[in-house]
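Bear in mind that the values here come from a model prediction, so they are computed numbers and not experimental data.
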Amino acid sequence: MSIDRLSNHRFLLGLVSGDRKNEFKAFGRDWNERSEIFREGWDLTKKSLTHPNRLHFSGNYYNKLTGSLSCRASA
């Protein structure tokens with residue numbers, strides 16, 4: 001089952017790049033790398049929305065995904 005079906009075709013996604021240094025510090029991230037972190041996060045988001053069943057991803061800021069996650073709803 002997809003997010004689209006679960007939300008009755010009303011799924012909205014909001015993204016921000018981050019502008020507050022204290023938020024980056026709270027998550028152990030370097031504020032000066034915010035543009036790279038955002039770009040990588042957006043790439044991961046696009047891949048997860050377009051290829052959710054066999055998602056492969058490797059980046060510098062987010063975990064490596066090897067396509068072993070299951071997106072099927074249990075019966």
Side-chain angles (χ1 to χ4, degrees):
M1 181 164 294
S2 70
I3 292 175
D4 185 52
R5 288 183 61 199
L6 288 171
S7 67
N8 195 25
H9 310 290
R10 293 177 176 263
F11 176 71
L12 297 173
L13 176 65
L15 298 172
V16 296
S17 61
D19 61 344
R20 295 181 179 95
K21 287 185 180 184
N22 60 340
E23 292 174 353
F24 281 79
K25 186 177 180 179
F27 289 103
R29 303 290 183 150
D30 184 347
W31 184 78
N32 294 313
E33 296 177 342
R34 64 192 181 282
S35 61
E36 292 89 2
I37 295 169
F38 178 80
R39 278 194 286 278
E40 186 173 299
W42 177 239
D43 186 37
L44 174 57
T45 301
K46 287 190 299 187
K47 287 180 180 183
S48 66
L49 292 172
T50 56
H51 304 296
N53 293 326
R54 298 297 287 167
L55 182 59
H56 292 266
F57 183 83
S58 182
N60 295 318
Y61 302 99
Y62 295 93
N63 289 334
K64 182 176 182 178
L65 299 173
T66 61
S68 61
L69 296 175
S70 174
C71 294
R72 290 189 228 171
S74 57

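Annotation: the span from N22 atom CG to W31 atom CH2 amounts to 11.5 Å, rounded to 0.5 Å. In this structure, E40 CD and N60 CG are separated by 5.5 Å, a value rounded to the nearest 0.5 Å. Interatomic distance, Y61 OH to R34 CZ, rounded to the nearest 0.5 Å: 12.0 Å. The distance from the CD1 atom of I37 to the CG atom of D30 is 7.0 Å, given to the nearest 0.5 Å. In this structure, the separation between CG on L55 and NZ on K47 is 8.0 Å, given to the nearest 0.5 Å. Interatomic distance, L44 CG to R39 CZ, rounded to the nearest 0.5 Å: 15.5 Å.
For CG of N63, the number of neighbouring non-hydrogen atoms (other residues, nucleotides, ligands) closer than 6.0 Å is 12 at most.
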Stepwise side-chain contact (heavy atoms from CB on, under 4.5 Å) check, N32 with F24
CA-CA 9 Å; N32 294 313; F24 281 79; over 6 Å; no

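For the pair R29 and F38, the cation does not sit on the ring face, since its NZ or CZ is not both under 6.0 Å from the ring centre and inside 45° of the axis.
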